[in-house]
Number of protein chains: 2
Amino acid sequence: MTHCSSFLDKLRQRGYRITPQREMIVDAIAHSDHHMTAEEIFSTIHMHSKALNLATVYRTLDLLVDVGLVSRADLGNGRIMYTSDQHGLHLHLVCRQCGGVVGADSSLLASIEEQLHASYGFTADLHHLCISGLCKSCQNHQKS
Amino acid sequence: MTHCSSFLDKLRQRGYRITPQREMIVDAIAHSDHHMTAEEIFSTIHMHSKALNLATVYRTLDLLVDVGLVSRADLGNGRIMYTSDQHGLHLHLVCRQCGGVVGADSSLLASIEEQLHASYGFTADLHHLCISGLCKSCQNHQKS
DNA sequence: CTCCTTGCAAAGCCTTTGCACGCTG
DNA sequence: CAGCGTGCAAAGGCTTTGCAAGGAG
């Protein structure tokens, strides 16, 4: 059920070489259902294999983004996260206080996408839209 | 017509001191109708006054954001931009290719804001939502 | 066998911070 | 006159890059 193999195939098709490092990185991303930072991907893999360098993670991630297999989402605060692009639209609610990230129903986005295209000719990349704000629990804490 | 004076009043009210540097920075932001990076604010001011340091711009910007006069928008790519918060909701379309920023009608956002609050108890901070994608002209160029 | 990839370490970039001096209120 | 705010320079965090060695095709 993993998209790993299709990921690797796509890389091969484009003429990229399949190395153990790339396999591990693709594996880590494809099997994760949530966003991960480069650092997280690195340490996840590093737990069971030392044959990997952070710089390689960054390079591979750039490559995967270029090829269109992975999308990069900047949550602000310099936190850059990556996810497999196979999940369709995602809406992420990022709490400006606790930093937490909540996934939200992305159906809201469909209409926006259309309207932006119609009105501005702008093709929005809504695979991983991030909206900042205050999450439920942080609001409650503030009421004190 | 400038909000400069009201900005400065608000700072005074909160017990902050009004220095020439703060005046210049407030002035620069209040008179600009678009987003600016700290660097841009700095160099704009630096053209006619050398009495300003980048670190001070950052500190003042932080202060203005805290007080709620200015909002910070992270466009991704590490580009952090600031604007006077007196303009209501803003929607910014950031082109991932040319880096251009187009302002868009923010009426689209109202419904989203409500729905997020209703469904997730999440109070979205939509003063400066940034959506990344491909702008009209970059799409045309790609068709080649 | 070629040359794409990797690891390592250093460099870069933007932002933040420590400290002593200066200026606001 | 007290203490906040500034400039300067150094530190910080994350990401990128140069280079030689190594592995994929």
Side-chain angles (χ1 to χ4, degrees), chain A residues 5 7-28 35-46 49-67 69-82 96 99, chain B residues 5 7-28 35-46 49-67 69-82 96 99:
Chain A
S5 42
F7 271 53
L8 295 175
D9 283 344
K10 217 159 205 166
L11 286 182
R12 243 187 297 265
Q13 284 168 27
R14 311 251 178 156
Y16 294 109
R17 294 184 177 172
I18 306 305
T19 64
Q21 290 85 346
R22 289 183 174 168
E23 284 184 20
M24 293 189 288
I25 294 171
V26 163
D27 188 76
H35 284 190
M36 303 174 82
T37 63
E39 181 64 45
E40 282 166 359
I41 293 171
F42 172 70
S43 51
T44 296
I45 297 173
H46 205 257
S49 166
K50 304 282 179 192
L52 182 61
N53 185 284
L54 226 202
T56 302
V57 175
Y58 280 109
R59 280 188 283 230
T60 303
L61 250 15
D62 282 350
L63 185 157
L64 292 172
V65 170
D66 275 356
V67 173
L69 291 169
V70 161
S71 70
R72 194 196 315 266
D74 192 322
L75 304 195
N77 276 317
R79 291 182 303 169
I80 301 179
M81 317 209 55
Y82 299 85
R96 96 172 80 92
Chain B
S5 41
F7 271 53
L8 295 174
D9 283 343
K10 218 159 204 165
L11 285 183
R12 244 186 297 264
Q13 283 168 29
R14 312 251 177 156
Y16 294 109
R17 296 185 178 170
I18 306 304
T19 65
Q21 289 85 346
R22 288 183 175 169
E23 285 184 19
M24 292 189 290
I25 294 171
V26 163
D27 186 76
H35 284 190
M36 302 174 82
T37 64
E39 181 64 43
E40 282 166 359
I41 293 171
F42 172 70
S43 49
T44 296
I45 297 173
H46 205 257
S49 166
K50 303 281 179 193
L52 182 60
N53 186 284
L54 225 202
T56 301
V57 175
Y58 279 109
R59 281 188 283 230
T60 302
L61 250 15
D62 281 350
L63 185 157
L64 292 171
V65 170
D66 276 355
V67 173
L69 291 170
V70 161
S71 70
R72 195 197 315 266
D74 192 322
L75 305 195
N77 276 314
R79 291 181 304 168
I80 300 179
M81 317 209 55
Y82 299 85
R96 97 171 79 90

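Residue numbers start from 1 in every chain, and the chains themselves are labelled A, B, ... in the order their sequence lines are given, proteins ahead of strands. Reckoned from all heavy atoms, side chains included, excluding hydrogens, waters and symmetry mates.
Atom-to-atom, CG of B:L63 to C1' of D:dC4 comes out at 11 Å; the value is rounded to the nearest Å. Taking atom CZ of B:R17 as the reference point, atom C1' of C:dC21 lies 14 Å away to the nearest angstrom. In this structure, B:L11 places its CG atom 13 Å from C1' of D:dC4, rounding to the nearest Å. Between B:E23 atom CD and C:dG25 atom C1' the separation is 14 Å, expressed in whole Å. Spacing between atom CG of B:N53 and atom C1' of C:dT17 amounts to 13 Å, rounded to whole angstrom units. Between the C1' atom of C:dT6 and the CG atom of A:L61 lies a distance of 16 Å, rounded to the nearest Å. Rounded to an integer number of Å, the gap from CD of B:E40 to C1' of C:dC13 is 16 Å. Taking atom CG of A:L54 as the reference point, atom P of D:dT16 lies 11 Å away to the nearest angstrom.
Atoms CE and CE, on B:M36 and B:M81 in that order, are 8.0 Å from each other to the nearest 0.5 Å. Here the OH atom belonging to B:Y16 is positioned 9.5 Å from the CG atom belonging to B:L64, to the nearest 0.5 angstrom.
Mapping B:P20 and B:A55 onto DNA chain C via the closest heavy atom, the residue that lands nearer the 5' end is B:A55. If you find the closest nucleotide of DNA chain D to A:D62 and to B:A51, the one lying nearer the 5' end belongs to B:A51. Comparing B:A38 and B:R12 by the nucleotide of DNA chain C that holds the closest heavy atom to each, the one mapping nearer the 5' end is B:A38.
Residue-to-nucleotide contacts include a donor-acceptor pair under 3.5 Å from the side chain of B:R59 to the base of D:dG7.
Considering every non-hydrogen atom in both B:N53 and B:F42, the closest pair reads C-CE1, 3.8 Å.
Using a 4.5 Å cut-off on side-chain heavy atoms (C-beta onward), A:L69 and A:K10 make contact.
Across all strands shown, B:R22 has heavy atoms under 4.0 Å from sugar-phosphate atoms exclusively, and none from any base.
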